[in-house]
Structures are given as structure tokens and as C-alpha cells.
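Written out below as C-alpha cells is the structure these notes cover.
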Amino acid sequence: MRLTLEITILVSSLLLVLLVLLHRGKGGGLSSLFGGGVQSSLAGSTQAERNLNRITIFVGLVWFVAITGISYQIKLKTEQDERRANDPGYSAGIGGGMGSGGAPQMPPIAPQQVPQEQPPAPANPQEQQPPAPPAPPSR
């Protein structure tokens, strides 16, 4: 779609330049450089001039619609890129199964509980030391 709009803009821009240069000048200025300063004996506008005006307006509208369409596409692409940059869990896919990269979205993995280390058991149970006596009460 974007390529079509870009080609349309290019072709309509060149056509607009050509059509504007084909118009008869209404006074002095740059149009007299190309022989537009010489007045013809027919002072009124002819059918060819009216058709040239209509074609120029039509091509101008095509150019305007193509420019508006491509600017809208650029805006959407920019907003989508900003959402991806700001939200690491953003997925453009339908159903949440596939992200934009094509890899399936996996739920976050909870950290595993590591068991606490216990002191090694004595080789001989007789060697166990008796518990320490309780501390005297403080006054």
C-alpha cells in the first residue's frame, strides 16, 4: 500500500508541474518567459483551457489524498513503534499467541525456591553436644 502511495505521489507531482506549465499566463511574470506574454486574438477561455483546469484540479486532489494517506500510515507506524518500545509485553498478534517477532509469547517464569543449607549431621550421635543452658534473667 505504501509503495502504491509513493508512486502515486511521484507521478501526480510530475503531472502537476507539467499541467501548471501548460496554463496560459494571465499577466506578466515568469509565464511571459515561455511566450505567454503575447495576447492572442481570442480573449475568452476556450474549452481546452477549461478542461486543462479540471484535469489540474483532479490531479491536485489525487496528490493531496496520496500525501494524506502516506502521512497517516507514517503516524500509525510511529505510534506502534512507541508502544513496542514502552511496553515490553506488547503483542500485535491476534489472540496473544504470536508476537510481532513470530515467537510464541511465554508467561514469566517464577524464581525457583532454593533449599536452605543445613549443617552436616555428626557421624556419631553420641558426640552431640547438649544444648546451652538458658541465659539468666536480667534485672
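Bear in mind that the values here come from a model prediction, so they are computed numbers and not experimental data.
- Residue Leu10 is not grouped with residue Leu61 when hydrophobic side chains (ILVMFWY) are merged at heavy-atom distances under 4.5 angstrom, including chains of intermediate members.
- Under a hydrophobic-cluster definition in which Ile, Leu, Val, Met, Phe, Trp and Tyr are linked whenever side-chain heavy atoms come within less than 4.5 Å, directly or via other members, Leu5 and Ile74 are assigned to different clusters.
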From CA spacing to verdict: side-chain hydrogen bond (donor to acceptor under 3.5 Å, both in side chains), Arg50, Gln47: CA-CA 5 Å; Arg50 282 186 291 221; Gln47 184 68 30; 2.9 Å; yes

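- To the nearest 0.5 angstrom, Ser13 atom OG is 12.5 Å from Leu18 atom CG.
- A continuous path of Ile, Leu, Val, Met, Phe, Trp and Tyr side chains, each step under 4.5 Å between heavy atoms, connects Leu3 with Val11, placing both in one hydrophobic cluster.
- In this structure, Glu79 and Leu76 have side chains that are in contact, with non-hydrogen atoms separated by less than 4.5 Å.
- Rounded to the nearest 0.5 angstrom, Asp81 CG and Arg84 CZ are separated by 6.0 Å.
- No continuous path of hydrophobic side-chain contacts links Leu14 to Leu22 [ILVMFWY only; heavy atoms under 4.5 Å].
- When the options Val62, Ile67, Thr68 are evaluated for a side chain to side chain contact (heavy atoms under 4.5 Å, CB included) with Phe64, the one that passes is Thr68.
- A side chain to side chain contact (heavy atoms under 4.5 Å, CB included) with Ile70 is found for one member of Ile9, Thr8, Thr4 and no other, namely Ile9.
- The minimum heavy-atom distance linking Val59 with Leu19 is given by the pair CG2-CD1, 3.9 Å.
- Donor-acceptor pairing under 3.5 Å is recorded for the side chains of Asn51 and Arg54.
- Leu21 is not connected to Ile57 by any chain of hydrophobic side-chain contacts under 4.5 Å among Ile, Leu, Val, Met, Phe, Trp and Tyr, and they are in different clusters.
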